[in-house]
Amino acid sequence: MKSSSLWFRWALVIIAALLSLYVLKDLEIKSDVLDLLPDQGTQTEVELLSNLGFTYTVYIALESNDLESLYQSALKLSTYLEKHGPFKQVFWSFKPEELYSFLRSIWHSLPALLGPEDLEEIAKRITPEELTKRLQQNLLLLSSFQGMLLEDHLRRDPLNFLELFLRKLQGLGSDLSPKSYKGLFLSEDGKACLIVAETTYPLTDSYYALEVERFLKEALQASLEPGVSWKLAGPLVHTLANYRTIQKDLRWLFVLASLAIIGIFWVFFRSFKPMYLILIPFLSAPPAIFIVSKIFGEQIGGIALGFGIALLGLAVDFAIHIYINRGHAALGKPIVFAYGTTVSVFLVLLFSRVPAHRQMAFIALTGLTLAFLYAWFLISPRKKIPEALKISSRSGSLPPKILILLWILFLGIGLWGWKHVSYQGDLRNFNVFDQDKERNQFFARWGLKEKNILLVIEAQNLEKALELNDRLYESLKQAQISQIKSLSPILPGPTTQKANISRWQTFWKNQKKDFKKIFQKVAKELGFTSETFAPFFEFLTSQPKRVSVSTFLSSPMGPVLREFLRPGTHNSTYVLIMVPEREWLPNLEEKLRAIHLKLVVISDRKLSLAMEKYLKHDLLKLSFLAFAVVAVLALIFFRNPMEVLAALAPVFSALAGMGIYTYWFSEGLNFLHVLMGIMVVGLSIDYGLFAVSATKYGLSEEVKKAISLCALSTLSGFGVLILAAHPALKSLGETVVAGIGASWPAALLVTPILVGLARKR
Amino acid sequence: MDRRALIVSFLGFLFWCSLAWASEVQVFKTELLEKLQANFVKVKTLTCRFEQVRRVRFLKQPLKFKGRLWVIPPNKIRIAYEKPVPSVNIFNQGEFIRCFGTQKERFVFKGQPWFKKLNQQIMSFMTGSYTTLESEYRIELLSNRGLAFYPRDEHLAQKLRVIRVWWDQANFWPKRVLVEKGPKDYLEITLKQCQSNLKLEATLFSTCETRLK
């Protein structure tokens with residue numbers, strides 16, 4: 001090949017890369033962790049959590065020993081957030097006085113809000129004995145300091161019907177800390193107040209999380225009184241912690257990996273010149289991303305992009321083999337086959353239910369194809385072509401039989417490890433810190449210690465949502481679930497309200513005459529004037545009104561109610577019910593879903609189980625499919641079972657290595673282990689393939705050197721991730737170290753013995 | 001000196017006098033509040049008998065009660081009405097227990113926010129924490145060793161005109177409390193036989209049924 005032609009080819013490739021980079025400058029990268037979830041099974045729930053606003057919420061705790069400083073800071077901060085920032089709603093105080101005036105305003109609608117069980121309670125309160133007791137109590141209360149303020153209330157509601165409604169209201173926040181100061185939500189120790197702010201950005205996205213954090217810091221600096229400190233909780237904290245840890249990890253690991261690769265190349269070639277091989281995958285990345293962006297539209301997931309580009313690093317292996325064996329007539333077959341096996345492994349990933357997997361497989365496939373072509377056309381042959389490899393079935397100093405026995409033992413232990421490996425479906429394990437512990441510690445300060453299951457129904461409008469909510473609430477009560485947190489008892493739907501009013505009127509129609517006579521007799525005996533309880537009888541004879549949702553939402557309880565009634569997509573409404581996780585019964589979801597078709601049940605445990613199921617059934621199935629495809633290709637290529645076994649020996653070793661590592665050194669198999677495992681299978685077959693081809697087709701002596709160089713570059717490029725602080729990166733590194741660490745020696749030591757045995761046959 | 005100058009001088013003198021008097025009153029009020037509060041710091045427990053008269057416009061006769069109260073500052077109070085209808089009210093930190101006959105009502109102050117606020121104020125009145133009440137009430141000095149508390153909150157002022165409290169000149173313990181709502185609507189409490197720092201049973205503030213020595 002003329003050197004001018006080679007320069008021309010390099011120039012073309014560099015121009016293509018630069019042009020692609022220019023076109024891609026406006027590419028929108030969506031960096032949302034939700035992309036890592038499967039399409040069905042879990043993503044609906046997680047997406048719903050996002051739609052409900054949970055991934056948009058920031059929890060801010062302000063701390064101080066001085067309550068007034070705390071109040072002033074909370075007031076200023078909330079005002080600042082509401083006026084300036086990306087916050088659409090800030091909830092920070094609850095004014096008891098306002099609640100009292102709200103309760104007064106709904107007094108004439110009380111009959112619409114009291115259900116049959118409340119009427120049963122009222123029936124008990126109007127017996128002559130109970131009536132006497134209650135009016136005596138009122139008399140006592142009137143004589144006290146508190147009673148002086150409750151005078152009007154006692155005249156209007158002597159039997160305390162409002163208490164029946166208040167009891168329901170208490171149910172909603174029954175586990176909340178009772179402490180308060182000027183309406184602030186104080187922690188149980190009374191030293192911190194809570195502010196809940198809803199942003200307009202999804203906080204699982206690191207780009208927006210950084211924006212929100214920057215704004216929050218400005219707001220906190222401008223608002224906090226001296227001596228007041230702050231702490232954040234919610235998705236923002238997790239997104240940022242993960243983002244920063246990954247950034248930090250990648251920064252120093254990139255330097256470490258680069259130095260290691262340069263060192264390895266120097267040791268192998270005693271020259272820096274072959275370092276240009278590393279450029280090939282980098283040059284193939286921009287055109288590959290350009291092509292994929294055209295297929296997937298303008299938006300590519302950040303996770304898929306990063307992972308896809310990293311996978312392109314595999315293309316260095318093609319370049320190394322081509323560089324070392326260029327000039328050998330027999331190079332063509334094994335290199336094309338190596339490309340075929342790697343590509344087929346990624347083709348399998350296209351069947352994954354995780355969108356990010358499909359995108360990264362596309363990027364890797366396109367990039368690997370380009371890198372393969374680049375390597376073929378850009379690498380000049382070495383001046384001195386090494387001699388062909390001599391066939392030898394001896395490997396190292398150990399006798400072949402002992403080596404094979406040791407290998408079989410290793411595979412046996414690996415198989416045993418796989419049989420006993422546990423599955424980690426919980427995505428929270430990829431968090432840089434213990435999310436559950438952090439969250440529990442933060443919210444436990446306000447009394448929120450219980451883990452809840454979330455039941456969500458979407459309806460066309462608010463009224464319909466309340467109707468469906470009533471029905472679901474009734475179903476849960478019938479299933480004998482207790483401690484249900486629902487709007488239904490407080491704000492029933494129109495149909496239930498109508499039924500409540502009708503029941504109320506019938507009840508008093510049957511009672512009124514006798515009741516009034518007895519009541520007035522008892523009141524007179526206790527010394528009350530005849531006019532005292534006129535407001536009460538006026539209430540009983542008046543026509544009850546239905547109460548509207550807007551009355552409740554605009555009341556001081558509005559922010560609490562909005563937690564249960566959230567705007568959905570396309571003008572719809574989501575209505576939520578919370579049930580303690582310990583109350584949840586197996587199979588209840590199926591039963592409820594049979595009645596309530598649109599019901600979605602969200603729980604940490606369910607999400608975790610769904611991911612585990614996906615991991616066990618789908619991802620492992622894909623891995624075995626990848627292995628099967630590789631085995632079939634090897635069979636087509638070698639047509640000799642022993643040679644196929646020899647080529648697959650590094651793959652078996654890699655799988656055994658991963659099984660042993662996962663069982664003994666890791667907390668369980670997660671989906672990143674499996675994903676990286678698929679890549680390790682693709683690499684390991686290449687080692688086996690070149691080791692077999694070296695003897696079968698007479699490649700150079702240096703093929704072992706090439707395999708070692710490929711393995712070492714992968715170990716230094718990906719394997720260094722085992723040193724990462726971030727659990728997700730660490731998982732990737734673990735798989736590579738365990739897999740490649742086992743397949744590399746197998747390719748050098750076991751494969752030649754098996755090829756020798758095949759030859760003898 | 002002409003007549004105009006004389007009038008101006010006289011008015012100036014009056015203004016100066018009123019300022020001096022106001023500042024003296026202010027100093028005296030502050031001193032009194034501090035003295036009362038300091039007195040209560042020494043009080044570990046307080047036990048008194050009381051008589052209470054409540055006049056309400058829609059009751060034919062005023063209500064008269066007799067009873068006893070026990071206080072452990074800053075957050076434990078037991079008020080036992082003995083005659084004519086026995087009943088017990090206990091405030092113990094965040095909890096309020098009310099016993100009437102055999103019926104016992106117990107609730108924590110959550111969900112009853114206004115009631116909680118009110119009870120906190122009662123605690124402050126009973127335990128001498130008057131400085132904490134200054135944000136809620138305008139405090140004025142009464143001529144005969146007493147203080148008048150006027151609610152700052154408009155809503156509260158509609159229901160409660162003024163609270164007047166008088167102290168025993170010898171030991172600075174409350175002697176008489178008059179809570180006025182209107183001319184014929186008031187609550188008057190007279191405290192008697194107060195004793196401080198007696199050893200009190202812990203059960204006094206957790207159960208209504210405690211037998212009293």
Side-chain angles (χ1 to χ4, degrees), chain A residues 68 94-101 103 129-130 132-134 136-155 160 163 166-183 188 190 447 523-524 526-534 556, chain B residues 52-65 79 81 84-89 93-96 98 100-103 105 107-122 125-126 135 151 153-156 158-161 163 177 179-182 185-187 189:
Chain A
E68 192 51 34
F94 187 78
K95 294 269 187 287
E97 305 81 19
E98 289 171 17
L99 177 70
Y100 188 62
S101 56
L103 292 175
E129 303 78 42
E130 192 62 27
T132 314
K133 208 183 272 177
R134 281 192 177 263
Q136 272 184 342
Q137 278 184 15
N138 286 350
L139 206 61
L140 269 178
L141 192 60
L142 267 176
S143 68
S144 70
F145 179 55
Q146 300 100 310
M148 293 188 82
L149 305 185
L150 296 172
E151 206 178 279
D152 292 344
H153 170 72
L154 289 177
R155 294 182 65 202
N160 212 358
E163 184 226 344
L166 277 171
R167 262 192 225 170
K168 298 165 191 245
L169 206 59
Q170 275 181 32
L172 269 191
S174 54
D175 40 7
L176 274 171
S177 159
K179 290 198 173 165
S180 174
Y181 174 76
K182 288 190 178 180
E188 282 178 339
K524 196 177 171 187
L526 288 168
F528 290 104
T529 59
S530 57
E531 283 306 299
T532 311
F533 297 105
Chain B
Q52 182 183 300
V53 179
R54 170 78 168 106
R55 195 178 170 91
V56 193
R57 65 196 148 89
F58 52 77
L59 279 179
K60 289 169 191 163
Q61 298 293 324
L63 294 165
K64 288 180 183 171
F65 289 92
I79 303 169
Y81 296 97
V85 189
S87 71
V88 176
N89 284 359
Q93 295 170 42
E95 200 180 19
F96 175 56
R98 202 173 122 188
F100 175 77
T102 52
Q103 198 185 353
E105 215 180 314
F107 60 94
V108 179
F109 288 151
K110 60 181 166 183
Q112 308 272 358
W114 67 92
F115 199 63
K116 179 191 162 185
K117 194 174 165 183
L118 195 65
N119 285 317
Q120 277 169 347
Q121 287 184 13
I122 293 172
F125 274 113
M126 302 289 271
S135 60
D153 182 74
E154 266 180 49
H155 296 286
L156 188 60
Q158 281 171 12
K159 294 177 186 293
L160 201 73
R161 210 169 65 79
I163 303 168
V177 180
V179 187
E180 280 180 45
K181 198 174 177 184
D185 205 336
Y186 62 84
L187 166 74
I189 304 164

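Numbered from 1 within each chain, the chains take letters A, B, ... in sequence-line order. All values reported here derive from a predicted model rather than from experimental measurement.
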- Task: Measure distances from B/V179 to the heavy atoms of chain A and classify the residue's part below 4.5 Å as side chain, backbone, both or neither.
- Result: both
- Message: Regarding A/E151 and B/R54, does a basic nitrogen lie under 4.0 Å from an acidic carboxylate oxygen?
- Response: yes
- Distance-only, no hydrogens or angles: does the A/T529 side chain make a donor-acceptor pair with backbone N or O of B/L59 under 3.5 Å? no
- Measure B/Y81 against the heavy atoms of chain A and call it side chain, backbone, both or neither at under 4.5 Å. side chain
- Task: Could you look at B/I163 and say if it's the side chain, the backbone, both or neither that has a heavy atom under 4.5 Å from chain A?
- Result: side chain
- Roughly how far, to the nearest 0.5 Å, is the CZ atom of B/F58 from the CD atom of A/E531? 12.0 Å
- Region of A/R167 in contact with chain B, defined by heavy-atom distances below 4.5 Å: neither
- Item | Between B/K64, B/Q61, B/R57, B/Q158, the one whose heavy-atom pairs under 4.5 Å with chain A are most numerous | B/R57
- Note on the structure: Okay, B/L63 and chain A: the region with an atom under 4.5 Å from a heavy atom over there is side chain
- Message: I'd like to know whether NZ of B/K60 has more than 12 heavy-atom contacts from other residues, nucleotides or ligands below 6.0 angstrom.
- Response: yes
- Query: What distance separates A/E68 CD from B/S135 OG, expressed to the nearest 0.5 Å?
  - Reply: 8.0 Å
